[in-house]
Amino acid sequence: MPELPEVESARAVIERSALGRRIDDVDDTDSWVCRPHPPGEIRAALLGRRLVAAHRRGKSMWIETSGDHVLGIHLGMRGRILVTERHGGVDEGGDYVGTRPQRTPVKAEWDRFTLHFADGGALRLFDKRRLGRVRLDPDIEALGPDAGEVRLADFRKLVGASRTPVKARLLDQHAVAGVGNLLADEVLWQAAIAPERPADELDAAEVARLHRELRTAIRHAIKRGGVHTGEVIAHRKAGEHCPRCGAPMRRTEVGGRTTWACSVEQPAG
DNA sequence: ACTCGTGTTAGCTG
DNA sequence: TCAGCTAACACGAG
């Protein structure tokens with residue numbers, strides 16, 4: 001379930017384990033994951049190059065290379081990055097299930113994209129769901145500012161100035177980048193704001209609270225190992241109660257996504 | 001057996 | 001221009 005914190009762990013893996021290694025071969029034959037590039041196009045752009053720097057905004061990563069192109073990687077819903085050494089050591093980051101990293105996967109048919117390094121190791125995008133994406137020269141500027149770094153004044157303009165339900169606004173990667181469904185529920189619960197409230201009806205204090213809780217939740221999730229460590233996440237199911245006030249959790253749909261909220265502290269319209 | 005879902009986005013409709 | 005819906009991907013969980 002890569003959300004921003006999981007993507008950051010994957011970016012860090014690339015930064016510490018893959019930079020500087022010469023690309024010897026590229027498997028870009030999955031034309032769905034590599035769309036719109038035809039097989040061979042990404043390969044041709046990267047052969048003989050090295051990875052120079054790994055960046056992230058929200059859930060999107062981009063990797064500078066020693067050539068003319070930037071390599072964009074998105075983990076989708078279940079993608080993981082694995083960087084291997086010639087002699088079998090593995091560094092990995094990305095999707096987490098429960099509170100622990102999954103065991104290192106071995107099924108090669110779930111490798112959707114691979115950079116083979118001249119030293120015998122590789123960087124793999126492992127993604128059972130095939131919702132991850134690899135592309136050259138992604139348009140990073142189309143994204144909003146990173147959700148963990150956005151300033152209050154910008155947040156107010158980007159999130160708080162729309163008639164759309166505030167949760168849908170948080171999920172819009174063009175407004176702020178990096179908030180997924182679980183993180184949105186956690187942040188709205190922490191701020192005690194009902195997810196279906198029109199964003200532009202929040203008062204100044206509520207917007208400020210939402211902004212503060214967003215940054216806090218992201219910081220905690222990065223430190224603790226993922227969004228699933230949020231306080232309310234385990235209570236997103238039928239029969240559960242709010243861990244703060246004990247009221248029943250309610251389920252609804254906002255912005256097309258399953259949404260859980262406290263029935264008392266985040267009351268429905 | 002069957003339904004739902006942690007994500008994104010092109011393409012469509014109103 | 002904005003907002004909402006659907007399909008596409010393929011698997012795991014309940």
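Because only heavy atoms are used, hydrogens play no part in the values below, and waters and symmetry mates are left out as well, while side chains stay in. All values derive from a computational prediction rather than experimental measurement. Residue numbers start from 1 in every chain, and the chains themselves are labelled A, B, ... in the order their sequence lines are given, proteins ahead of strands.
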Taking atom CG of A:D68 as the centre, report whether more than 12 heavy atoms of other residues, nucleotides or ligands fall under 6.0 Å from it. no
Please state how far atom CZ in A:R56 lies from atom C1' in B:dG7, giving the value in whole angstrom units. 16 Å
Using the ring-ring contact (aromatic ring centres under 6.0 Å, His included) rule, collect all pairs that involve residues 247-269 of chain A, keeping only residues at least two apart or in two chains. none
Whether A:E265 side chain and A:S263 backbone form a donor-acceptor pair below 3.5 Å: no
Mind checking whether A:F155 and A:H211 have parallel, tilted or perpendicular rings, split at 30° and 60°?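 Because their plane-to-plane angle lies in the 30° to 60° range, the rings of A:F155 and A:H211 count as tilted.
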Roughly how many Å is it from CZ in A:R257 to C1' in C:dC5, rounded to a whole number?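 Value for this atom pair: 14 Å.
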Do A:R130 side-chain and C:dA10 base share a donor-acceptor contact under 3.5 Å?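 Side chain to base: no pair present.
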Counting only side-chain N and O atoms of A:T164, is one of them less than 4.0 Å from OP1 or OP2 of C:dC2?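 So the side chain of A:T164 is outside the cut-off, no N or O lying under 4.0 Å from OP1 or OP2 of C:dC2.
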Of A:T258 and A:R133, the one whose closest DNA chain B nucleotide lies more 5': A:T258
Given the rule in the salt bridge (charged side-chain N to carboxylate O under 4.0 Å, His left out) test, do A:D185 and A:R257 qualify, once you have shown the distances and angles that lead to the verdict? CA-CA 10 Å; A:D185 278 3; A:R257 309 301 302 278; over 6 Å; no
What's the closest nucleotide to the side chain of A:N181 if the choices are C:dG12, C:dG4, B:dG7? B:dG7
Compute whether any side-chain donor of one residue and acceptor of the other, for A:D137 and A:H69, lie under 3.5 angstrom apart.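 Side chains of A:D137 and A:H69: pair found under 3.5 Å.
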If I take atom CZ in residue A:R129 and atom P in nucleotide C:dG12, what distance separates them, rounded to the nearest angstrom?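 So the CZ-P distance, A:R129 to C:dG12, works out to 10 Å.
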Given atom CG of A:D172 and atom P of C:dC2, what is their separation to the nearest angstrom? 11 Å
Given atom NZ of A:K167 and atom P of C:dG4, what is their separation to the nearest angstrom?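 After rounding, the gap between these two atoms is 14 Å.
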Using a heavy-atom cut-off of 4.0 Å across all strands, would you classify A:R236 as base, sugar-phosphate, or nothing? sugar-phosphate
Identify whether NZ of Lys or CZ of Arg in A:R244 sits under 6.0 Å from the centre of the six-membered ring of A:W189 and within 45° of that ring's axis. yes
Heavy atoms only, 4.0 Å cut-off, all strands: where does A:R135 land among base, sugar-phosphate and nothing? nothing
Rounded interatomic separation in angstrom, taking CD from A:E196 and P from C:dG4: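 It works out to 13 Å between those atoms.
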Taking only the side-chain heavy atoms of A:M77 (C-beta and beyond), determine which of B:dG7, C:dA3, C:dG12 contains the nearest atom.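 The nucleotide sitting nearest to the side chain is B:dG7.
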Is the phosphate of B:dT8 approached by A:Q173 (side-chain N or O, under 4.0 Å from OP1 or OP2)? yes
Taking atom P in both C:dC5 and B:dC4, what distance in whole Å separates the two?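 So the two P atoms sit 16 Å from each other.
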Below 4.0 angstrom from OP1 or OP2 of C:dC11, is there any side-chain N or O of A:W110?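 Result: yes.
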Does B:dG5 have OP1 or OP2 sitting under 4.0 Å from an N or O in the side chain of A:R251? yes
Using the rule that two of Ile, Leu, Val, Met, Phe, Trp, Tyr join whenever any of their side-chain heavy atoms come within less than 4.5 Å, decide whether A:V166 and A:V232 are in one cluster.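 As far as the 4.5 Å side-chain criterion goes, A:V232 and A:V166 are connected within one cluster.
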Can you measure A:H228 atom NE2 to B:dG5 atom P for me and round it to whole angstrom units?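 Between P of B:dG5 and NE2 of A:H228: 20 Å.
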What pattern of brackets, bars and dots sums up DNA chain B from 5' to 3', given Watson-Crick or G-U wobble pairs under 3.5 Å, [ ] for crossing pairs and | for another strand? .||||.||||||||
Nearest-Å distance for atom pair CZ/P, residues A:R163 and C:dC2: 10 Å
